[in-house]
Novice: 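One structure, as structure tokens, below. Some questions next.
What you are looking at is a predicted structure, and each value in this text was computed from that prediction instead of being measured. Numbers here are sequence positions counted from 1.
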Amino acid sequence: MFHRRRSPSAATAILTSARGTDIKGAYVNALPERGSLIGHWTENLEGKKHKTTRTIKTLPSVLRDTETMADREGKSSIRPGSEDLDAVGQRDSPTPPSTTVGHPDPSAEAPPTPVLGAGLEEEDTDSMDGSGHYSLTEEGERESEGVRGGEREGRKRRREQERPGGGPTHGSSSSDDEEDQDEEDDEEEEEEDEQAMEAWLGAELQDLGGPTWQAVPSLRSREIGRGAQFVKRVCGARGLVQRLELQARLERHTGCVNTLHFNPSGTRLASGSDDLRVVIWDWARRRATLEFHSGHKSNVFQAKFLPHSGDSTLAMCARDGQIRVAELSATQRCKNTKRVAQHKGAAHKLALEPDSPCSFLSAGEDAVVFGIDLRLDRPATKLVVVKEGEKKVGLYTIFVNPANTHHFAVGGRDQYVRIYDQRKINENDNNGVLKKFCPSHLLSSESKTNITCLVYSHDGTELLASYNDEDIYLFNSQHSDGADYYRRYKGHRNNATVKGVNFFGPCSEFVVSGSDCGHIYLWDKNSAHIVQYMEGDKGGVVNCLEPHPHLPGLATSGLDHDVKLWAPTAETPTALKGLKEVMKKNKRERDEDSVRHGDQYDTQLLWFLMRHMRHRRIQRSRRGEAGGDGDTDESWSSADSSDEEDAGADHVQCMSS
């Protein structure tokens with residue numbers, strides 16, 4: 001049980017208030033007894049100033065001793081403008097000016113920071129389990145110097161080839177003069193490049209402003225009955241986001257984890273993987289409660305609990321184009337999985353209707369959007385074929401407006417965000433599109449740009465879209481057709497995979513995305529400043545980010561075969577150490593790839609798929625031994641499908657593992 005304190009604490013108040021929300025009181029009370037995520041969070045906050053041996057012993061074994069962590073970190077300064085959970089919040093107290101990312105202070109000398117190198121795949125566990133201040137290795141520093149040295153050598157060789165004779169001069173006084181001139185030119189070019197990079201980092205940023213929530217004043221207001229929005233404000237506080245750190249790894253899959261989804265109450269987490277299996281986790285106790293084969297033939301891309309179904313129905317989609325539904329029992333068993341639709345290309349995303357336990361949408365690379373109603377004999381209905389002119393546009397993402405479930409947005413193999421209204425889709429009128437948004441500078445861009453993910457905000461007024469090897473853009477969904485973006489989030493890299501993006505916070509206060517550099521980025525939505533970044537994947541790519549529906553926690557996954565859980569338990573806010581150099585490295589690599597490869601996205605995606613080809617062949621051979629093929633069966637929604645085919649691979653009996 002929690003230790004009793006004379007004075008109230010932020011964590012105790014949060015959990016006390018959380019018992020009145022959708023999370024059951026018994027569930028919350030049980031967490032501390034098992035050294036769980038939330039139990040550690042509360043003990044950590046309560047014991048900040050009164051650390052005792054008894055308190056330390058209640059922490060999970062995977063966490064470091066906080067005293068040792070403090071010694072290792074040394075004296076870490078708190079970033080100005082962040083919330084201090086220990087001190088009385090004084091909104092009007094003056095704070096010294098700070099140099100934030102994107103607004104360099106010319107009078108201040110920036111500390112040297114190394115560049116993240118290719119060593120992300122090395123077995124370096126310190127940065128993953130530490131306090132949240134992710135320092136970069138000495139190998140990264142040496143690589144950074146090597147990259148800059150290589151650039152200088154490249155410029156020198158080019159100048160030598162341009163000289164008369166095609167090579168360097170020897171044995172003359174002019175040789176020394178030319179070398180001196182070359183060095184001066186190198187320094188000037190480096191300085192110009194650095195100035196251009198700093199200008200890019202600082203462009204389109206707004207004032208970050210001060211904290212909007214302070215612990216002690218909020219607790220006092222809550223005690224006298226004025227804290228109706230206490231939990232919501234706490235979960236959207238910048239101070240907690242800046243204290244996010246790794247809590248646990250959930251290990252069960254044998255392939256890349258492509259999808260994560262919390263149930264509506266937040267007590268269970270579903271994950272799907274390249275190993276074709278779906279796992280239901282009791283994430284607080286860090287154990288799997290159910291594992292079953294999805295029935296798919298290729299990479300599972302999404303697995304989602306249908307709302308108001310009692311966590312008994314799970315919708316899934318995969319690279320094989322199938323849309324399947326798993327029926328789960330109350331005794332932690334999977335009764336069966338059933339195919340309800342079939343795309344003629346990979347199906348990457350499903351879109352749930354917030355209040356419907358039996359209806360959802362799917363989108364595929366065949367440009368088709370299916371509306372699926374499980375109450376019908378033939379559940380799938382083709383809503384629209386997405387086109388630009390007469391050309392079909394393959395789809396990677398779809399999302400239903402939570403405030404108006406008739407509206408849904410799609411994105412895929414071009415630069416446009418398209419919004420449709422299910423009630424009035426007329427493909428003869430503007431191809432059925434209600435509105436279409438695109439960043440103005442991408443309208444005439446010659447580079448091939450795709451939208452890998454888009455999501456609506458909590459109230460449906462904003463649309464967030466992530467572009468491959470470009471930035472993340474925020475649109476106002478209420479604006480008229482053709483409106484431009486009004487916020488831009490940059491610094492990450494989205495190239496190697498179909499990467500996700502999401503809002504974080506109960507009122508969509510932050511934007512969170514993974515990156516090819518293996519880091520997780522969180523931006524303040526209104527200012528576009530990065531307020532947190534963490535090393536999230538040793539394999540080098542973070543794809544999936546799923547915020548908890550009621551708590552300030554986060555689940556992530558990528559090329560690693562595990563699921564990572566994050567919570568605001570760090571002693572001090574992040575110092576964003578090494579962030580600027582990582583952002584610059586991502587930008588340089590993006591610019592170089594855009595020059596060298598006009599179709600880099602498809603090349604990288606093909607490489608990623610071929611990487612796992614051997615593993616999938618093994619899985620297919622195992623299923624072949626079990627006697628289930630069904631490679632040629634049709635979807636229920638196909639015009640040439642038949643009732644006799646429904647008894648084939650459309651129905652798969654499954655047992656929990």
Novice: Please determine if E198 and K584 form a salt bridge, counting it only when a charged side-chain N lies under 4.0 Å from a carboxylate O.
Specialist: yes
Novice: Starting at CD of E509, measure out to CG of N526 and round the result to the nearest 0.5 Å.
Specialist: 9.0 Å
Novice: Examine distances only and state if a side-chain atom of R238 and a backbone atom of F510 form a donor-acceptor pair shorter than 3.5 Å.
Specialist: no
Novice: Consider only side-chain N and O atoms of N494 and T452, and report whether a donor and an acceptor are under 3.5 Å apart.
Specialist: yes
Novice: Are K525 and E462 within salt-bridge range, i.e. N to O under 4.0 Å?
Specialist: yes
Novice: Would you give the length of the straight line joining atom CG of N404 to atom NE2 of H406, rounded to the nearest 0.5 angstrom?
Specialist: 6.0 Å
Novice: What is the distance from atom NE2 of H492 to atom CD1 of I472, rounded to the nearest 0.5 Å?
Specialist: 4.0 Å
Novice: I'd like to know if the side chain of Q532 reaches the main chain of V241, judged simply by a donor and an acceptor atom lying under 3.5 Å from each other, with no hydrogens or angles considered.
Specialist: yes
Novice: Between D414 and K436, is the closest basic N to carboxylate O distance under 4.0 Å?
Specialist: no
Novice: Just say parallel, tilted or perpendicular for the rings of Y521 and W523, cut-offs at 30° and 60°.
Specialist: parallel
Novice: Take a 6.0 Å sphere around NZ of K232 and say whether it holds more than 12 heavy atoms from other residues, nucleotides or ligands.
Specialist: no
Novice: Does R590 use its side chain to pair, donor to acceptor, with the backbone of E470 at less than 3.5 Å?
Specialist: yes
Novice: Return yes if a side-chain donor-acceptor contact under 3.5 Å exists between D471 and Y485, otherwise no.
Specialist: no
Novice: Taking NZ, NE, NH1 and NH2 as the nitrogens, is one of them in D193 or R588 under 4.0 Å from a carboxylate oxygen of the other?
Specialist: no
Novice: For a quick check under 3.5 Å, do T259 and Q302 share a side-chain donor-acceptor pair by atom type?
Specialist: no
Novice: May I ask you to decide if G266's main-chain N or O and W283's side chain share a donor-acceptor pair within less than 3.5 Å?
Specialist: yes
Novice: Is K435 reaching over with its side chain to a backbone N or O of H479, donor-acceptor style, under 3.5 angstrom?
Specialist: yes
Novice: Could you state the interatomic distance from CD1 (I520) to OG (S513), rounded to the nearest 0.5 Å?
Specialist: 9.5 Å
Novice: Given 3.5 Å as the limit, does a donor-acceptor pair link the side chain of D459 with the main chain of T461, or not?
Specialist: yes
Novice: Is it the case that the side chain of K490 and the backbone of W200 share a donor-acceptor pair, with hydrogens and angles ignored and the cut-off at 3.5 Å?
Specialist: yes
Novice: Please check if the side chain of Y396 supplies one atom and the backbone of I451 the other of a donor-acceptor pair under 3.5 Å.
Specialist: no
Novice: Could you tell me how the ring of Y533 sits relative to the ring of H519: parallel (under 30°), tilted (30 to 60°) or perpendicular (over 60°)?
Specialist: parallel
Novice: Within the distance-only criterion (no hydrogens, no angle test), does the side chain of T397 pair as donor or acceptor with the backbone N or O of L454 below 3.5 angstrom?
Specialist: yes
Novice: With distance as the sole test, does D560 use its side chain to make a donor-acceptor pair with the main-chain N or O of K538 at under 3.5 Å?
Specialist: yes
